[in-house]
Amino acid sequence: MGTPVNIIVGSHVWVEDPELAWIDGQVLKITGQNVEVETSDGKKITANLSRLYPKDMEAPAGGVDDMTKLSYLHEPGVLVNLKTRYELNEIYTYTGNILIAINPFQRLPHIYDSHMMQQYKGAPFGELSPHVFAVADVAYRAMINEGKSNSILVSGESGAGKTETTKMLMRYLAFLGGRTATEGRTVEQQVLESNPVLEAFGNAKTVRNNNSSRFGKFVEIQFDKQGRISGAAIRTYLLERSRVCQISNPERNYHCFYLLCAAPQEEVEKYKLGNPKTFHYLNQSTCYELVGVSDAHDYLATRRAMDIVGISAKDQDAIFRVVASILHLGNIEFTKGKEVDSSVPKDETAKFHLKMASELLMCDSVALEDALCKRVMITPEEVIKRSLDPQSALVSRDGLAKTIYSRLFDWLVDKINSSIGQDPNSKSLIGVLDIYGFESFKTNSFEQFCINFTNEKLQQHFNQHVFKMEQEEYTKEQIDWSYIEFVDNQDVLDLLEKKPGGIIALLDEACMFPKSTHETFSNKLYQTFKAHKRFIKPKLSRTDFTIAHYAGEVLYQSDQFLDKNKDYVVPEHQDLLSASKCSFVAGLFPPLPEASKSSKFSSIGSRFKGVLEAIRISCAGYPTRRPFFEFINRFGLLAPELLEGNNVESTLSMSSYDEKVTCQKILDKKGLKGFQIGKTKVFLRAGQMAELDARRAEVLSNAAKTIQRKIQTHCARKRFIVLREGAICLQSLSRSSLACKLFTCLKREAAAVKIQKHLRKYEARKSYNKLHLSALVLQTGLRAMAARKQFRFRKQTKASIIIQARFRCYKASSYYKKLLIGVIKAQTRWRGKIGRKALRKLKMAARETGALKEAKDKLEKRVEELTWRLQLEKRLRTDLEEAKAHEVAKFQNSLQEMQTKLDEANSLLVKERETAKQVIEEAPPVIKETQVLVEDTKKIDSLTEEVESLKTSLESEKQRANESESKYNEAQETGEERRKKLEETEKKVQLLQESLTRLEEKLTNLESENQVLRQQAVSMAPNKFLSGRSRSIIQRVESGHLPGDVKPLDLHSHSINHRDPSEIEEKPQKSLNEKQQENQELLIRCIAQHLGFSGNRPIAACIIYKCLLQWRSFEVERTSVFDRIIQTIGHAIETQDNNDVLAYWLSNASTLLLLLQRTLKASGAAGMAPQRRRSSSATLFGRMTQSFRGSPQGVNLSLINGGMNGGVDSLRQVEAKYPALLFKQQLTAYVEKIYGMIRDNLKKEISPLLGLCIQAPRTSRASLVKGSSRSVANTAAQQALIAHWQGIVKSLGNFLNTLKANHVSYTILLPILVYSFLVLLVTYTIGIDCTAIFSSLLLRRECCSFSNGEYVKAGLAELEHWCYKATDEVIHQKPKKTLDEISHDLCPVLSIQQLYRISTMYWDDKYGTHSVSTDVISNMRVLMTEDSNNAVSNSFLLDDDSSIPFSVDDLSKSMEQIDIADIEPPPLIRENSGFSFLLPRAD
């Protein structure tokens, strides 16, 4: 640790605090060794001077990424640095080449994604921010470059995040190693898939961690010769076997026991399990469940993981039977038996668990009881069976349970290794060691002794490694280090492992004697090490002992040391389980080998105590080391005469030797002793940095006083000057009054002289003008007379010439007219003959069209006939249904009437019967009895007859109804048959309509093709050079009529006089389709060549457009010319590195796309085709492009095609079919593709130079801050340092010259110019392709300094001059900005995370100040906390945006007018008659 020195009143110090460990404050008063300190929270405390440590007030706000860079290497400095970085989510910090990781207890996915892996891939160690990926990369690069294996140690206390760190290391190694797959899964996946199995059987809840690994793990990742992962293996050791039988509250046993108790009910019943509270091995603690964890769910997940690893269902069942048997073993209790010192199961419950354990292990229950309660002693004479007392039986039971569990865990590890697969031919490997650190519990047994012994060995290796690094650093700097004292832990290791005489040796010796006990072993230790400073004997115990380990004192209980050290299986247990009927259990206990070998391991690292030891070792030497330029920048003001000498040039180009001498003189001047000067650094002893800081503070204080004195002097002098100026002002006013009077006199005298002069001049000029006018009149008369004579002569000569010309013209014209009439007659007759041949061919084609029309008419008639028949069938069916409905209704009405009559008759009959009965009851006894009976009988008979008739009529009506129903059913069946026939007829009609539609489409296509062919035939016929009026004249000549007002053709025209005679007498022409194919082939061959430009118009694009328009390719349904053009463009741009070719085709494609955009008009459904439109306003590039984009002044957006249609200024819209619209979309895609290729080439050329431009060399940074007196030499130095920027300017100039040479559109050229402008802002904002550079900037703090900004500014000036030829505002003064100014004015595009990182990383290395206040940083931290739930916003790096920042509409709006009328066709097609329409024509 550093020694506190130079603590005076006003010093800022660290003082111990019982709650916060350390708190900062300021010294108020020093009284001897007592110091009164006012802490930052306002409290006043008194502390001892020796317990105070100085505070570095110039420490960076965000801490340092390597703690060896701390000015004061002491405990509070280290802790505060770690805390500061932890609050910024910077969980990683270096100590030399050792990485410290603090568990954030939250997910930070943005620092572990693939983009971050790519950043650290191949980066030198320490160049980027600390990260676990950097450690893995160093190990991998060392393995590849040096061809040797490496190991990475991950150590820490429980809950520190060792397992997660191991996973991250494996992920990064798999990223570097290529992820070689085995059976469809990568090796990394297989290792990670085995984690649930190992965690279920090897992890348990501890006080600090709910999922603590209770075993050490060494993962070997094997690599082949190419550096690809070829295999892996997992080695485990130091499994905490005692946890199976003994746990403390509130911890838990291994997870697998609780998972099995939470298994499905059928499995719980099969294993006779229950609540964990009922088992002795689990109820020693009150914790049975974990918050937020479902044991039932984890049980199923473990089962699935076993399936993935390759453990069969049979083996899984055997595994959980073994786990259940261990739980049952723990519930077997013993009591004294009948014999002396014997034991038997305590009760029926113990017997039940004994029986269940034997059944699960598939062994005899009696044999199991004997194995637990008895021991066999073999003597030369006989075999003696000895009984065990209840306590020894319990020990035997626990030993059996631990042995079974240990063997089961080893079997699982072997099974996992066999599933992953190892490479026996691997060249090298990288091992990741995951081990817990020093342990000290309430009860510490043999397991803790072994763990702590392992950590002592690792600590020694760590100390030697750190000392070796210090030694290499001192040797490299060529300083003396021979006297540095190195403190290690060798005395503790001698106490533990020295032979003979160490604790382990004495323990082995005690195990060899059968009568040795832990009491005798403890007494032996007391006697042997009573004088050892590391060994302590407790006062209140006879068997415990304490060892002062490197990490602290640990009290061990030696009760089980002998049994656990023997590490052998009891023979009775071995014989019992090897004879098990379960092959799995028997396999866990194979015959014992003759000798067993223990595996050794070694690596580098330890826990936080090791970090402090690295600092102690540094403090033992030179804890503070600074490069020369940093030391001079900070402490140069202690000796200003050394920096402001007369030799400016030599100081400016100061070499390391000059800086070394300067540093030596500064230290000698201040009288420091014991420091060392290396080759590039200054090495200071502990406390010397504080001494220099104190001297520096004094100099700054004196400088402040001097400034105050100078300011007061300035104010006094200012007042004096004001008084003096007032007196001078009064004097000047009086003097000016006298001077004004004198000036008035002089002015009057000068005015009189001037009046006399002008009067004399007027008289002289008047006389001269009269004389001059007379001379002019005489000269005019003489010249007019001579001119009239000459005019008369010329008039006579001209008249004679006109008479002669008119006479000669009449003679020549008469001869010409006669000759012209003869020639026209001959041409007309010959062309008429050829035209008639072509007409006959067209008539034949028309006949074919007529046949198709005839077939169409027949089909239409057939369709009409079928339609009529269909309508007739529908009408008949409707009539039939109506008749049936009417008849049914009639039958239903009659039936209803009959039913009504029947009901009335029945009711009448009932009434009559009731009346008759009443009459009979009321009648006299005898006299009138017969008459009444007669009347009643008659009524009854009549009613009966009426009922019978009604029944008969009802039957007849029912019969008629049945007949009607049968007729209705027959009619319905007939209607159903007709309906089916009607449906068939409808299907036939539909098929006929479809065929008719297809025929109509074919006919339409044929008509359009015939129309195109006719136009092509007219254009390719021998009379194609004649206009429509000339052709009508020819037709009239054939009929014998020749108009008299026909204007003669020009016989001297090139197209008539140069016709080949063989062309007139050639064979009959080929078919029009073949001719069209030949023309297309010729066009493709032509555009495949580099045709160049006509003015600023690309010839190839204009030729393609005029040909497609002439051939009417936009209006046909089917053509292959578009595909062939697209294929030609695609073949031409295959060479992506040739920017000249890409720019040529970009110009042609964009021009052709513009012509199509202004010509094509979508028709019907084709107009619904989507247009590709990219939105670029969401990105910074898009916003800047929109602000620059716009048509230049004076640009005419109309398209002129004067030669296509007789010089018309505007082009008609064409109804485009689907192929034409598809061609337009493909052309749009190719414009975007070619632009992307050009932009990628620019990025590829400029990005390496930009990477060199973001950080200034150290020598340049040192020279930039040495003072203003060296401005001349600084200019020369800066010119040499901006070579990289000049390279960028040169590359951009060449690139834009190539684009301009190919006449690339303004809209496409604009993004390239904007890209160049964005290169200007690389240190202030983000361009399209500067994301990787900006991300690297955020990972390097040394790039965020004021000196580096000055360096970048010099290069930006060059680029700025090239881009705009003007100067932009550059902020030289650095006032502190508010949060609103930073987020809205200065950096509106950056996120709050990026602003916070830059603000905390930026520093003024010239004056040691910060331009961002602490209040702004605090506000940023609050905003970051509010936005912490957003996983995307947590990342401070950028993503690349590769979108195309323009659209077809932008091209259409920005390009200038294009006149394609006077484009000369290339020689390949100029002489071909099929392309005569391309020739420019005179009006």
Side-chain angles (χ1 to χ4, degrees), residues 1012 1015-1022 1024-1025 1053-1064 1066-1067 1069-1114 1119-1135 1138 1140-1153 1155-1156 1201 1203-1204 1223 1227 1230 1234 1301-1303 1458-1482:
V1012 174
Q1015 293 173 355
Q1016 291 179 349
V1018 171
S1019 64
M1020 290 187 294
K1024 58 189 153 202
F1025 296 105
S1053 64
H1054 183 274
S1055 60
I1056 295 178
N1057 291 338
H1058 289 79
R1059 289 180 61 84
D1060 192 356
S1062 62
E1063 182 180 351
I1064 300 177
E1066 65 180 355
K1067 298 179 181 180
Q1069 289 184 333
K1070 300 179 183 179
S1071 67
L1072 295 178
N1073 288 333
E1074 294 178 356
K1075 189 67 176 176
Q1076 186 179 12
Q1077 293 294 331
E1078 291 179 359
N1079 291 341
Q1080 292 180 4
E1081 182 67 30
L1082 189 60
L1083 175 64
I1084 297 302
R1085 287 168 49 200
C1086 178
I1087 65 175
Q1089 303 173 359
H1090 193 290
L1091 302 182
F1093 299 85
S1094 176
N1096 60 347
R1097 299 163 296 177
I1099 296 177
C1102 298
I1103 295 298
I1104 294 172
Y1105 173 74
K1106 294 174 73 174
C1107 289
L1108 295 178
L1109 199 62
Q1110 177 68 20
W1111 296 341
R1112 294 182 178 270
S1113 300
F1114 302 130
T1119 180
S1120 62
V1121 65
F1122 297 134
D1123 294 336
R1124 301 187 66 183
I1125 293 174
I1126 289 296
Q1127 291 174 1
T1128 303
I1129 297 176
H1131 179 72
I1133 64 174
E1134 287 180 353
T1135 57
N1138 193 337
D1140 196 9
V1141 175
L1142 294 176
Y1144 169 75
W1145 279 109
L1146 180 59
S1147 178
N1148 277 278
S1150 58
T1151 303
L1152 182 56
L1153 181 60
L1155 295 172
L1156 297 181
N1201 188 5
M1204 293 296 296
F1223 173 64
L1227 201 61
Y1230 265 95
I1234 298 173
N1302 288 277
H1303 303 285
I1458 300 176
D1459 186 4
I1460 61 175
D1462 57 345
I1463 297 294
E1464 286 286 343
L1468 184 62
I1469 61 175
R1470 184 181 301 160
E1471 301 299 333
N1472 191 290
S1473 60
F1475 293 89
S1476 59
F1477 59 87
L1478 296 177
L1479 296 172
R1481 303 178 184 179

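Values reported hereafter were calculated over all heavy atoms of this structure, with side chains retained and with hydrogens, waters and symmetry mates removed. We count residues from 1, following the sequence as given.
Side chain of Ser1147 to backbone of Ala1143: no donor-acceptor contact under 3.5 angstrom is found. The backbone N or O of Pro1098 lies less than 3.5 Å from no partner atom in the side chain of Tyr1144, so there is not a single donor-acceptor pair.
Using a 4.5 Å heavy-atom cutoff, the side chains of Thr1119 and Gln1080 are in contact. Using a 4.5 Å cut-off on side-chain heavy atoms (C-beta onward), Leu1108 and Ile1125 make contact. The shortest distance between side-chain heavy atoms of Asn1079 and Trp1111 falls below 4.5 Å. Cys1107 places a side-chain heavy atom less than 4.5 Å from the side chain of Leu1478. For the pair Trp1145/Asn1302, no side-chain contact is recorded, criterion being any heavy-atom separation below 4.5 Å from C-beta on. Using a 4.5 Å cut-off on side-chain heavy atoms (C-beta onward), Phe1114 and Leu1156 make contact. Using a 4.5 Å cut-off on side-chain heavy atoms (C-beta onward), Leu1155 and Ile1104 make no contact.
The two atoms that bring Leu1091 and Cys1086 nearest to each other are CD2-O, 3.5 Å, heavy atoms only. Annotation for Glu1464 and Ile1099: closest pair O-CG2, 4.3 Å, computed over non-hydrogen atoms. In this structure, Ala1101 and Asn1148 approach most closely via the heavy-atom pair N-OD1, 3.0 Å. For Ile1463 against Arg1097, the heavy-atom pair with the smallest separation is CD1-CZ, 3.6 Å.
Going from atom CD1 of Ile1087 over to atom CG of Leu1152 covers 9.0 Å, rounded to the nearest 0.5 Å. Here CD1 of Ile1103 is found 9.0 Å from CZ of Phe1475. Values are rounded to the nearest 0.5 Å. Note: Ile1084 CD1 to Thr1128 OG1 = 4.0 Å, rounded to the nearest 0.5 Å.
With sequence neighbours excluded, the residues forming a ring pair (Phe, Tyr, Trp, His ring centres under 6.0 Å) with Phe1122 are Phe1223, listed by chain and number. Residues satisfying the salt bridge (Lys or Arg N to Asp or Glu O under 4.0 Å) criterion with Arg1470, sequence neighbours excluded, are absent altogether.
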